[in-house]
Amino acid sequence: MVIAITSHLRSPISQAADITLCGMAREVNYRSEAMASRLMHMALIDALYVGVMLQQPDTIKANVQKMRTAVSRRKV
């Protein structure tokens, strides 16, 4: 199964995907300032991850522990 995340519903990747998640956001013409669509796509990826992880409670616990360990080792 292929899931596409895009801002363009009629893009080639959308046509090839089984599921298309379209994250539309108002953008500016300057690429370096075009953050709205990036944030939208990151939110979609986060929602997918949470949805999958809710089906795997043991994996959630292990991943949270890994994150806590990594953060506690980080020197500021």
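Values in this document were obtained by computation on a predicted structure and should not be read as measured data. All heavy atoms count here, side chains included; hydrogens, waters and symmetry mates do not.
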Open item on the list: Between Val50 and Leu48, is there shared hydrophobic-cluster membership here, with clusters defined by ILVMFWY side-chain heavy atoms closer than 4.5 Å?
Closed with: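 No.
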
Task: Linked, directly or transitively: Ile45 and Leu39 (ILVMFWY side chains, under 4.5 Å) - done: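 Hydrophobic grouping puts Ile45 apart from Leu39.
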
Once rounded to the nearest 0.5 Å, what's the spacing between atom [atom1] of [X] and atom [atom2] of [Y]?
X	Y	atom1	atom2	answer
Ile5	Leu21	CD1	CG	5.5 Å
Met67	Ser72	CE	OG	12.5 Å
Asp18	Ile3	CG	CD1	8.5 Å
Arg68	Gln65	CZ	CD	6.5 Å
Ile19	Met1	CD1	CE	4.0 Å
Asn63	Lys61	CG	NZ	12.5 Å

Task: Under the side chain to side chain donor-acceptor pair (under 3.5 Å) test, residues paired with His41 that sit two or more places apart - done: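 If we apply the side chain to side chain donor-acceptor pair (under 3.5 Å) test to His41, skipping adjacent residues, the hits are Ser7.
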
Task: Test side chain to side chain donor-acceptor pair (under 3.5 Å) applied to Gln55 - qualifying residues, sequence neighbours left out - done: none

Open item on the list: Between Ser14 and Ser11, do the side chains contain a donor N or O and an acceptor N or O under 3.5 Å apart?
Closed with: yes

Open item on the list: So which atom in Gln15 and which in Arg10 form the shortest heavy-atom distance, rounded to 0.1 Å?
Closed with: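 Reported closest heavy-atom pair: NE2-CA, 3.7 Å.
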
Open item on the list: For Met42, is the CE atom crowded, meaning more than 12 foreign heavy atoms sit under 6.0 Å from it?
Closed with: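 Open: at most 12 neighbouring heavy atoms sit under 6.0 Å from CE of Met42.
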
Task: Side-chain heavy atoms of Tyr49 within contact of Leu44, under 4.5 Å - done: no

TODO: List for me each residue that meets side chain to side chain contact (heavy atoms under 4.5 Å, CB included) alongside Ala62, sequence neighbours excluded, and say none if there are none.
DONE: none

